[in-house]
**Student:** 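Mind having a look at this structure? Questions to follow.
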Number of protein chains: 2
Amino acid sequence: MRRDIFQAIADPTRRAILVLIAVHAMTPNAIAEHFDITRQSISKHLRILSECDLLAQKQDGREIFYELKIDKMKEIDIWLDQFRKMMEERFQQLDQVLFTIKNKKK
Amino acid sequence: MRRDIFQAIADPTRRAILVLIAVHAMTPNAIAEHFDITRQSISKHLRILSECDLLAQKQDGREIFYELKIDKMKEIDIWLDQFRKMMEERFQQLDQVLFTIKNKKK
DNA sequence: TCTTTGTGAAGCCGATCGGCTTCATATTTA
DNA sequence: TAAATATGAAGCCGATCGGCTTCACAAAGA
């Protein structure tokens, strides 16, 4: 089974879960309240995210709080680095265009 | 059919294609030479990437050069912004730890 | 102890994925 | 014009996805 962070964030529900728990750790039930799908489906998503090492669990009695392992998100950032220089150059080009337009107005 | 940039980069072959053509525009045949799958499968990936607005085509006779629309990659970066502040804080914490270790050695 | 609550695991199902093969079409070249 | 080349489209197939329902189990509370 393919399990990597890119496949993990491919699903919109999983992306929403990540954003949710980024603020603070939450239990599966609390997370499920934010969606229109069953608690069990959320649980499945949590398992997938955990397998990708994106989540950490903290047990408190019978409740399990899931929290985001933010370091793992860095991996996406690192992959994006390959394109970052190109992206920045494009921005500079845009800046140049805006600069030229500005000067023409004078 | 779900078609967004996150689903587009979920496949490792598609990520490799993006990296390949980021350097310079390439034809489907040229791209396929870098992989162990058929030209037709590459073509399918190119169609998916195009549907996500990640690629631009430039026809030259019977050859079609695909090039990366780098601006679209920005969307991933923008999504990551939600976590960036947290990631930076973690780095600062790490810096603090390293700083403390460094001072203890003295 | 019995019931409620929080959770995970297993299995079902229709849709999609990512390969493949085959075919159609357009351009170039001999 | 005929053959070779570059490409896209359609359809097949096994695997996976993302929902669902059902069940098992442990912890907490009446």
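Sequence lines set the chain letters: A, B, ... in the order given, protein chains first and strands last, and positions in each chain run from 1. Computed from heavy atoms alone, side chains included, the values below leave out hydrogens, waters and symmetry copies.
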**Student:** Please examine the side chains of H24(B) and L68(B), heavy atoms only from C-beta on, and report whether any two atoms are closer than 4.5 Å.
**Tutor:**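 Not touching, per the 4.5 Å side-chain cut-off.
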**Student:** Under 4.5 Å between any side-chain heavy atoms of E67(B) and I21(B), yes or no?
**Tutor:**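 Not in contact.
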**Student:** What is the distance, rounded to the nearest whole Å, between atom CZ of F6(A) and atom C1' of dG18(C)?
**Tutor:**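 The distance from CZ of F6(A) to C1' of dG18(C) comes to 19 Å, rounded to the nearest Å.
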**Student:** Please state whether the phosphate of dT7(D), meaning OP1 or OP2, lies under 4.0 angstrom from any side-chain nitrogen or oxygen of Q57(B).
**Tutor:**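 Answer is no, no contact under 4.0 Å.
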**Student:** So does K74(B) pair up with D77(B), basic N to acidic O under 4.0 Å?
**Tutor:**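 D77(B) and K74(B): salt-bridged.
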**Student:** Taking Watson-Crick and G-U wobble pairs with both distances under 3.5 Å, convert DNA chain C into its dot-bracket string, 5' to 3', dots for unpaired and | for cross-strand pairs.
**Tutor:** ||||||||||||||||||||||||||||||
**Student:** Considering only heavy atoms, which members of residues 58-69 of chain A lie under 4.0 Å from some atom of DNA chain C?
**Tutor:**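 The answer is R62(A), E63(A), I64(A), Y66(A).
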**Student:** Can you measure Q7(B) atom CD to dC17(D) atom C1' for me and round it to whole angstrom units?
**Tutor:**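 Nearest whole value for this atom pair: 11 Å.
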**Student:** Any non-hydrogen side-chain atom of F83(B) less than 4.5 Å from a side-chain atom of I76(A)?
**Tutor:**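 F83(B) vs I76(A): side chains apart.
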**Student:** Out of dC17(C), dG18(D), dT7(D), which nucleotide sits closest to the side chain of P28(B)?
**Tutor:**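 Side chain of P28(B) sits closest to dT7(D).
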**Student:** Partners of D53(B) by side-chain contact (heavy atoms from CB on, under 4.5 Å), sequence neighbours excluded?
**Tutor:**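 side-chain contact (heavy atoms from CB on, under 4.5 Å) list for D53(B), sorted by chain: K69(B), K72(B).
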**Student:** Can you find a pair of side-chain heavy atoms, one from Q40(B) and one from K44(B), that are under 4.5 Å apart?
**Tutor:**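 Q40(B) vs K44(B): side chains apart.
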**Student:** Taking CD1 from I48(B) and C1' from dG19(C), how many angstroms apart are they, rounded to a whole number?
**Tutor:**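 My rounded result for the distance is 11 Å.
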**Student:** With a 3.5 Å cut-off and sequence neighbours excluded, list the donor-acceptor pairs that the side chains of residues 26-37 of chain A form with protein atoms.
**Tutor:**
residue : atom : partner : partner atom : Å
T27(A)  : OG1  : A30(A)  : N            : 3.2
H34(A)  : ND1  : A30(A)  : O            : 3.1

**Student:** What are the residues of residues 34-45 of chain B, sorted by number, that bring a heavy atom to within less than 4.0 Å of DNA chain D?
**Tutor:**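 Of all residues in residues 34-45 of chain B, the ones placing a heavy atom under 4.0 Å from DNA chain D are R39(B), Q40(B), S43(B), K44(B).
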**Student:** Do R15(B) and P12(B) have side chains that get closer than 4.5 Å, going by heavy atoms?
**Tutor:**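 R15(B) vs P12(B): side chains touch.
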**Student:** Check R84(A) with E88(A), please: is the shortest side-chain N to carboxylate O separation under 4.0 Å?
**Tutor:**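 So E88(A) does not pair with R84(A) through a salt bridge.
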**Student:** So Q57(B) and F65(B), side-chain contact (heavy atoms from CB on, under 4.5 Å) or not? Walk me through it.
**Tutor:** CA-CA 6 Å; Q57(B) 300 181 28; F65(B) 287 84; over 6 Å; no
**Student:** I want to check something: taking the side chain as every heavy atom from C-beta on, are L49(A) and R14(A) in contact at a cut-off of under 4.5 Å?
**Tutor:**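 Side-chain contact under 4.5 Å: yes.
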**Student:** A side-chain contact here means heavy atoms from C-beta on lying under 4.5 Å apart; do W79(B) and L18(A) qualify?
**Tutor:**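 Yes, their side chains come closer than 4.5 Å.
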**Student:** With a 4.5 Å limit on heavy-atom distance, are the side chains of Y66(A) and I17(A) in contact?
**Tutor:**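 Heavy-atom side-chain distance check fails, nothing below 4.5 Å.
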**Student:** Is any side-chain N or O of N29(B) closer than 4.0 Å to OP1 or OP2 of dT7(D)?
**Tutor:**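 For dT7(D), OP1/OP2 do have a side-chain N/O of N29(B) under 4.0 Å.
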**Student:** Find the distance E51(B):CD to dG18(C):P and express it as a whole number of Å.
**Tutor:**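 Rounded to the whole Å, the gap is 12 Å.
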**Student:** Heavy-atom contacts under 4.0 Å between residues 8-26 of chain B and DNA chain D, which residues?
**Tutor:**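 Result for residues 8-26 of chain B: none.
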